[in-house]
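We name chains A, B, ... by the order of the sequence lines, and we start the count at 1 in each one.
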Amino acid sequence: MADNSQVYEYSVEDLKRVATRIRRHIIEMVYSAKSGHPGGSLSITDVLTVLYFREMRIDPQNPDDPRRDRLIMSKGHASPALYATLAVRGFFPEELLTGFRKLNSKLEGHVHRGVPGVEASTGSLGQGLGIGIGMGLAARLNNLDYHVYVILGDGEIQEGNVWESLMAGFKYRVSNVTAILDRNGVQLDGFTKDVMPVNDIKAMVEGFGWKVLEIDGHNYDQIISAIEFCKSYRDGPTFIIANTVKGKGVSYMENNPKYHGSPPANEEEYRKALSELTLEGA
Amino acid sequence: MMVTESLRDAYGEKLVELGGRYRDLVVLDADLSTSTKTALFGKKYPDRFFNMGIAEQSMVTTAAGLALSGKIVFASTFAVFLMRTYEQIRQSVCYNNLNVKFVVTHAGITVGEDGATHQIIEDVGIMSGLPNMRVIVPVDSVETTSVIEYLVEETKTPYYVRLSREKFPILNDESYEYRPGRSVTFKDGSDITIVAMGVMVSMALKAAETLKSRGIDARVINMSSIKPIDRYAIIKAARETGRIVTAEEHSIYNGLGSRVAEVVGEEYPVPVWRIGMRDTFGKSGKAWELFDYFHIGVEDIVRIAESCFREEKRYENIP
């Protein structure tokens, strides 16, 4: 595999610039579509940036290479973040992002497999971890050494399917699977602690037999070292709790449940968001 | 007396055989592998068999991940328990249009003593409504074997195959080959047509004998391919016999009867009377007692087909 990811190693400063570019796309996409989910897209952007621009073995010129690393965006409403990341990474032209949520575009409202670089269609919560485990098992059967990343939302882990899959991951010791929890504390109806608290996530997931790490999901050094640990860990599946801020980078969206599923309300909000997301400030 | 054979045994044995020829064939089950017979595969190919425990959602989503990685995936459990994963099947399997074959057993009222909780009579309708999904109800062990081979060798899309716990009479000869959307006419006839599914086909054949003694020449069709359905055979029956009775060990809503009525209504309207479970749950009892209890036994087929033929008034209201 032509390992394009190694042609140039992104520094943390480079990665921050890339993330800002992705965040600007997210705002433009949801504002243009007059719908979509900016909050949970902005919270996972830094993790996605590290994965796609530094840690994952992928080649945008050869997106079907059987040896590629896989990422399942189980919280499929974070489609703006994934689509923008894939476009900036070179899987398809950034100009196509304007088609998001519009007829005759492949950029479906929720993550859609027809888009280059997307591994599985998602959107109904709780299903991506099982898909990731299936891919991990297939790697073992096929003697391939790829790694599978599954991005979960913290509202999403209220779904029983997630915990069923945690059992399966432990049983089959899928050390090539890493779940990353975007723990931003907010879901559609409000704060997760109010809607349906999941008591001690770290203890619970550890209780299911997974190796759990907890990091600041906006701290690049922590994201990088956690992912590198998980790639080399061989004793079982790994789970990163990434503590994040919903709506990260846009002041009025941060920690505001309203922006889980609403775009900037008007031109003023739109301009304010973009003015806060500047390349110079990164 | 017709020779009977287990459809699930035929499934399990065919899986083992195909497993030897197809290295990418993997099988998942949810703690019912000794009943669904996938345990036979698990014993022969333990590396390619995944018992997911009593966790059907995990089974279906993991199946999707395996299929996304190029595997030919079979997932089995009791029909009724797969239904709790309707949405996983919809989103993860059908929307992604994956090579996952759901072969389920213990469907319908023939599961008998286990009672209403285990007697799924809605599954064909539930699965038929899913885009990309295909639905097959094999009539006997011979057809089951042929269907499983067809699924592995000629398809890469989602399928739902409905099997029973009970042994069913063997109606096909060994040369039979399943083809999608093709029915088999087991008995020709010119007065009325009975389109049947699963075990009801053998019962319809018995009913046809009685009908013959009463001067009614009934055609009996095995409609194992529910989706795609054999439109041609249905239209031909409507044209040639003028009246159709459907018979299924399933609800009359969204099952075989509904599909046949759709085709007839669109193409060549004639009366279609449906025999099946009517807005009711099943009940504990011996499998074969239940057919009479729910008025879907051989005698009922005879009675309803005769009424239909003689253009008598509909025998009861359908809720």
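When the shell of 6.0 Å around OH of B:Y22 is examined, it contains more than 12 heavy atoms from other residues, nucleotides or ligands.
Contacts between A:E119 and chain B at a heavy-atom distance below 4.5 Å involve the backbone alone (N, CA, C, O). B:V26 touches chain A through its side chain: at least one heavy atom from C-beta onward sits under 4.5 Å away, while N, CA, C and O do not.
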Could you walk me through whether A:R101 and A:E108 satisfy the salt bridge (Lys or Arg N to Asp or Glu O under 4.0 Å) test, starting with their C-alpha distance in whole Å, then the side-chain angles of each, then the deciding distance to 0.1 Å, before giving a yes or no? CA-CA 5 Å; A:R101 286 184 167 241; A:E108 273 273 321; over 6 Å; no
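With A:Y146 as the aromatic partner, A:R70 meets the cation-pi criteria of under 6.0 angstrom to the ring centre and within 45 degrees of the ring axis.
Chosen from B:L28, B:N96, B:L98, the residue pairing most often with chain A at heavy-atom distances under 4.5 Å is B:N96. Contact tally against chain B (heavy-atom pairs below 4.5 Å) for A:M167, A:E159, A:Q127, A:R113: the top residue is A:Q127. Ranked by heavy-atom pairs shorter than 4.5 Å toward chain B, the options A:V162, A:L129, A:N142 are led by A:N142.
A salt bridge is defined here as a Lys NZ or Arg NE, NH1 or NH2 lying under 4.0 Å from an Asp or Glu carboxylate O, and A:R57 with A:D145 meets this definition. Taking the charged nitrogens against the carboxylate oxygens, B:R182 and B:D230 have no contact shorter than 4.0 Å, which rules out a salt bridge.
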